[in-house]
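Before any comments, here is the structure.
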Amino acid sequence: MKTNVLVPTDRLEPTVGRRVGVDLVSVKEVEESLRRFGRRYLARIYTETEIRSCQRVRKGAVGYAVDSLAARFAAKEAVVKVLRPDGVRPAWRTIEVVRHEAGWCTIRLSGLAEELSLRAGIRELSVSLTHDGEMAAAVVVATGPSELLT
Amino acid sequence: MAVEDDIRAIVAEYAKLDVPMDEVTDTTDLFDAGMTSHSSVNLMLALEERFDFEFPDQLLRRSTFASVSAIKTNILSVLGEGTDGT
């Protein structure tokens, strides 16, 4: 006979700490920025990998999927919320959204973003992107030892 | 045109505030007034274009773009004291 043993939750030691960040971006605003500032806007915010990932070629002309760019911007801001910089914030290009062939995305950090992540004890970052019509959003979850994520 | 007038004109065009500019003082918190993180990027790029410089990484902090006064202080710190922006 199987017996279920219930343990009061206050007796369980948490083994995993988490932080969550979310951000919402207007696709139209990203489109306006791209029209107004062009390459300067792209180069300041996105890595070459991200730019290539969002490039679309139609009838020989290169354009950009602005909804995908907006989702990536949201992901970068969500990561910043998770990193909780006290003062200087990491440059946008130090937080990279890497899209895998199957369609899911991961986050790659460098520079100050990586330093803040290590300092916080973050072991893993998970990201989910979405866009629909005029809005794009991203959620980022960071996991690590509970004592390092307080 | 003075630096401050240029900054106010750029804030009016790019910060996408929820309040009219005549209600924005030098110390009004622009984020509290409706500027989003993405709008602050446009503001940054427009300021760089107008004053012909680039904000260094160490100035990438919320406080740099928090008010007209803060923006002016930080631009002048990069361009050098005494620059009148004309």
Side-chain angles (χ1 to χ4, degrees), chain A residues 21-46 50 66-67 69-95 110-116 131 134-138 140, chain B residues 6-21 24 27 29-79 85:
Chain A
V22 63
D23 199 63
L24 184 66
V25 174
S26 160
V27 173
K28 187 180 172 190
E29 285 190 24
V30 170
E31 184 174 7
E32 287 172 357
S33 300
L34 189 56
R35 286 187 194 282
R36 171 65 179 82
F37 298 105
R39 190 71 200 176
R40 274 186 67 222
Y41 170 74
L42 289 175
R44 199 64 183 273
I45 305 297
Y46 307 97
E50 290 172 323
V66 288
D67 45 9
L69 288 172
R72 278 156 180 73
F73 186 88
K76 290 165 191 277
E77 290 298 312
V79 169
V80 170
K81 288 174 181 174
V82 159
L83 295 178
R84 301 177 184 170
D86 182 18
V88 178
R89 52 162 292 154
W92 293 275
R93 285 168 54 90
T94 62
I95 302 166
S110 61
L112 179 58
E114 184 178 23
E115 190 181 310
L116 289 170
H131 50 78
E134 294 187 357
M135 302 305 293
V140 169
Chain B
D6 279 4
I7 293 171
R8 290 187 66 85
I10 291 170
V11 167
E13 185 171 357
Y14 293 99
K16 294 185 181 292
L17 303 181
D18 296 331
V19 297
M21 268 314 278
V24 175
T27 56
D29 188 310
L30 300 179
F31 290 99
D32 287 347
M35 183 168 71
T36 65
S37 53
H38 194 265
S39 299
S40 72
V41 171
N42 291 335
L43 179 64
M44 177 187 74
L45 292 172
L47 289 166
E48 289 179 345
E49 193 174 78
R50 164 61 186 88
F51 294 102
D52 193 24
F53 79 113
E54 189 168 299
F55 282 99
D57 285 351
Q58 64 265 29
L59 284 182
L60 291 182
R61 54 176 76 206
R62 189 184 189 281
S63 59
T64 299
F65 304 99
S67 67
V68 170
S69 174
I71 292 169
K72 180 181 175 183
T73 299
N74 284 293
I75 289 177
L76 293 181
S77 76
V78 175
L79 296 180

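Just so it is clear: chains get the letters A, B, ... in the order the sequence lines come, proteins before strands, and each one is counted from 1. Note that the coordinates shown come from a computational prediction; the quantities given were computed from them, not determined experimentally.
Among A:Val80, A:Val30, A:Ile45, the residue with the largest count of heavy-atom pairs under 4.5 Å with chain B is A:Val30.
In plain terms, the two heavy atoms of A:Gly87 and B:Arg61 that are nearest each other are O-CB, 3.4 Å. Of all the heavy atoms in A:Ala91 and B:Asp57, the pair that sits closest is CB-OD1, 4.2 Å.
Heavy atoms closer than 4.5 Å to chain A are found in both the backbone and the side chain of B:Ser37. Both the backbone and the side chain of A:Glu29 come within less than 4.5 Å of a heavy atom in chain B.
Put simply, CG on B:Leu59 and CZ on A:Arg89 are 13.0 Å apart, with the number rounded to the nearest 0.5 Å.
Within residues 38-49 of chain B, the residues having any heavy atom less than 4.5 Å from a heavy atom of chain A are, in residue-number order, B:His38, B:Ser39, B:Val41, B:Asn42, B:Met44, B:Leu45, B:Ala46, B:Glu48, B:Glu49.
Residues that satisfy the side chain to side chain contact (heavy atoms under 4.5 Å, CB included) test with A:Lys28, not counting sequence neighbours, are A:Ser26, A:Glu32.
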